[in-house]
Amino acid sequence: MKEGGPLPASDEHDVTDLLLAWRAGDEQAFDALMPIVYAELHRLAHRHLRGWSPGHGLQTTALVHEAYLRLLGSRQVGWQNRAHFFALAARLMRRVLVDAVRAQQSQKRGGRAPHLPLEDSAPAPLARRDLVALDDALNALAEIDPAKARIVELRYFGGLTGEEAAEVMGLSRVALEREWRVARLWLARELKGATP
Amino acid sequence: MTPERWKQIERVCQEALDLPAAEREAFLGRACRGDADLRWEVESLLKLQPEADGLLDHSAWEAAAEALGRGAGAPQARMEPGQRLGPFEIETLIGTGGMGEVYRARDTRLGRTVALKVLPHDVAADPDRRRRLDTEARAASALQHPNICALHDIGADGGVDYLVMEYLEGETLARRMARRREAGESLPSGVSIDEALEYGAQIADALAAAHGAGIIHRDLKPGNVMLTRDGVKLLDFGLAKMKPPVEPLDASADGRGQPRTVSGIVMGTMNYLAPEQLTGGKADARSDIFAFGTLLYEMLTGRRAFEGSSPATVIPAILEREPPPLSGLQPLAPPALNQLVRSCLTKDREKRCDSAERAAREIRRIAADRRLGLPRPRALGGWRRWLPWSLAVASAVTAAATVLWPVARPGPPRRPMLRIDLDLGRGYHAHPRDGHAVLSPDGSRIVFAGLGAGGAPDFFVRRLDRAGSMPLGTGGGRDPFVSPDGQWLGYFQGQRLWKIRVTGGRPLELCAVEEDAAHGADWGDDGFIVGAFGPTGGLQRVPEVGGLPMPLTTPDVARREAWHGWPQVLPGSRTVIFTARAPGADSGISTIDAVSVASGRRTTLQRDGEFGRYLPSGHLVFVRRSTLFAAPMDAARLEVTGPPVPILGPVAFDEAAGRLHVSVAATGDALVLTGGWRDAQGAGLQDESGSGTAATLLVGFLDELRRVAPPRR
């Protein structure tokens, strides 16, 4: 069997069972599930990042779906499970991407190429691209408003549309947009504070 | 900051965001009185709005890729006019797609115009794909059919690979549908039924010829169907195989060479793939037939059979969901057509229609039946008002006769009730809690709450005889109601009652509203609006020009009433019908009461019911456990004169607030949020997401009521 082909059926079975168990409130199932999904997403993400070029519009959802199909096959596990899978995948995707950036930053800091932080002479724009700062800000947000942090995770890292995120969160579309708009304000303020 | 403090900050912030920018200052003054810190918190958030709007609009991927130092310099369009490729001289770029750019070019040897498709570098670079390209192109070039764009040749020059194709003038089906929709044509898809049948037959002919020669298209979609003066021409036969693999499961190439991203096919085109193509199965002729079914569906209804804005929604839709039946979206489609589309869209390909030739024959038979000139209904007048919306083509009226009027019905034709599930667009969310949509009193318009540009909430007005809808610019709001003359919209927003002209303009504030107290309002023909605006939970009347509300009812604690709401002002404005709600969610003991505006005297009309509406058919309609009931009612004596009968269910009922979305126009049509899509027979089809709720227009609702629950004399 060539590398990257569909996983053996036993894994498929495990993942579905674990997902169901997690949904039923079994946190141990989450712990067991995480490394499997993480490994898969990590592998896919790095493969995709290598070939990334602008205009290609790399789609997180496509990738998560690829992972989903590989891990669970086309078994009809229903939307509830899929929603949970996406919630899980969004969290892991956040970890994969942030870890990748963190690793590179620490490498640069300790290594040959001196990495200059943002110039402090220019008026600092909002660090749109600073995933690490965003990750920290999200952790802070989760402490006072976990729902908003999850929504950001789903939309930004999980690549879900507002509608999809609303489904996962069990919110109406309008309610979700309201959460989202304030979450962004909060993050904007937090990120601005981080890079004064 | 504690979560509690944050909650407080957020609440003020949300309310401020709901207001027009000019009014925020004053609002904050009121809301943060005596709490300077609160005000600072809210203002420091609000002032970041411009930055926040763009904060997370890119994807995390972009950010990661950029941080990792990738993502510069993608190859761009490569050929300039005048440039030569072999014997071909480039004239102009006419299109781009997943398989490279397409140029109009001149064949200098033969002096004819051709289309050149310049292939992406990675096709040429990958020997495997290169080989497949040669094989497929050779096979496709053998296809000679009037409905297939001819592939003349394949060439390479200076490292650039290209295909030489027949040059066609016209537009793609995708473009046609989009263009006509934009032009506001009243056909739902921009293609009439007759056109859809004609195109469908020609597409099926082309598929039949190709399949006969052993060639599968694999990527049939509106963008690959060219409409020319000489008829339909299918583009890109067999070329899909040269694309990066569609099957997400076939992820080879890991760790060597170019990784195969799925990005080329994720958006737009995935909607037309067959289930087996998504799950790693090998595409065959039946996969094309599935795609053909999706094309027919979209031409007839204006909607994709499998909707979704991202693979996350499209894939499960294709694998697991049945599209809403044709009959619900295109009432004029003959049942045989519905059958054919269903057969093409069968998920299990073993059970799917497996012959394009048979499909072509079937379509021609349906088209012939339509030309037979079956009897026309006499009572066209009643239809005319709303029909232009779905019935712009005069000839199509014939179909209405065949579908809706069974032959040999004795007596004058009675208009049967027709349910139309509406896709209102504009971010409309058909949800019991906030699916605010209301039919105007004359039945010509629907006003609904949706999302405008950038996700900003707003009200929209949709004329039923036009495509598209117009934003009012209120910046949100809930529980809309329309003035008796149809000129104004009243609504609640940010602790205020407002009105705005249905044609747009400036919202006018009518009165303050106690938060959470208001449960709807209604506009009487005496110039007063009735609703529960104050803290007592009782009904009040406020002048339609604004002012101080005057009390009308007070909840009776002895009768365990928590609040009064969802009023309806009866014609003449002497009586108001309302829900008297029990505390908590115990709706079982709520009643529907009437109150005299002059004397304040109350009468209970109906026990165990909520959201009562008296209708001109002589009925009280109300909701009981998510089912709509009707009981005959004598409006003069304020008495229900017969037992209630269930007439519609399930309807989307917001249990917590007692909110039902139902509005009835003087024409006898109604707009209601129903739970679940329904098929032609009325059987419920629950949407798999569990949210199966649709804004449903019930044409001829009052006639149906008279039939189901005849008023007593």
Side-chain angles (χ1 to χ4, degrees), chain A residues 2-4 6 43 47-62 64-66 69-70 74 76 78-79 82 86 93-94 97 100-101 104 126 128-129 131 144-145 152 155-157 159-164 167 172-175 177-178 181-182 184-189 192, chain B residues 1-3 6 10 13-14 17 44-46 48-49 51-56 58-61 63-68 70-71 74 248-249 251-252 254-255 258-259 261-263 266-267 278-280 309-313 315-316 319-320 427 429 431 433-434 449 451 455 457 688-691:
Chain A
K2 66 186 169 183
E3 193 189 352
R43 199 181 67 73
R47 203 187 78 204
H48 282 261
L49 275 175
R50 262 203 310 279
W52 190 85
S53 66
H56 263 242
L58 217 156
Q59 302 276 343
T60 312
T61 41
V64 171
H65 238 287
E66 188 172 341
L69 283 174
R70 285 173 46 78
S74 54
Q76 305 203 350
W79 162 253
R82 190 177 292 108
F86 274 102
M93 192 57 79
R94 173 178 167 194
L97 292 175
V101 174
Q104 162 139 343
L126 202 56
R128 270 174 48 120
R129 306 292 196 209
L131 276 191
I144 55 164
D145 198 335
V152 173
R155 289 189 70 161
Y156 185 69
F157 289 97
L160 298 197
T161 62
E163 209 159 315
E164 291 158 359
E167 291 279 8
S172 78
R173 182 71 206 278
V174 173
E177 289 299 336
R178 291 174 71 84
R181 66 182 183 180
V182 170
R184 286 199 303 182
L185 285 177
W186 194 92
L187 287 172
R189 190 173 73 176
K192 201 154 188 150
Chain B
M1 186 188 299
T2 64
W6 165 241
E10 189 200 352
C13 187
Q14 292 281 20
L17 284 169
S44 70
L45 287 170
L46 290 177
L48 284 173
Q49 213 181 348
E51 282 145 297
D53 280 346
L55 180 59
L56 300 174
H58 58 299
S59 85
W61 280 90
E66 200 160 283
L68 299 174
R70 314 200 202 288
L249 293 173
S252 49
D254 189 22
Q258 280 283 97
T261 72
V262 291
S263 58
V266 287
M267 295 301 281
L278 290 173
T279 52
S309 49
S310 70
T313 45
I315 294 178
L319 293 181
E320 293 159 20
H429 186 68
H431 188 281
R433 196 168 54 241
D434 50 28
L451 298 172
E688 235 198 289
S689 67
S691 69

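Lettering of chains follows the sequences in order, A, B, ..., and the numbering in each one begins at 1.
- Considering all non-hydrogen atoms of both residues, B:Ser44 and A:Arg189 come closest at OG-NH1, 2.7 Å.
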Worked verdict on A:Arg181 versus B:Gln49 for side chain to side chain donor-acceptor pair (under 3.5 Å): CA-CA 9 Å; A:Arg181 66 182 183 180; B:Gln49 213 181 348; over 6 Å; no
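- Proximity to chain A (any heavy atom under 4.5 Å) is restricted, for B:Leu451, to the side chain, taken from C-beta onward.
- The two atoms that bring A:Leu185 and B:Leu45 nearest to each other are CD2-O, 3.1 Å, heavy atoms only.
- When A:Arg173, A:Arg155, A:Glu177 are compared by the number of non-hydrogen pairs under 4.5 Å with chain B, A:Arg173 comes out ahead.
- Contact record, A:Ile144 with B:Met1: CG2-O, 3.2 Å, taken as the closest heavy-atom pair.
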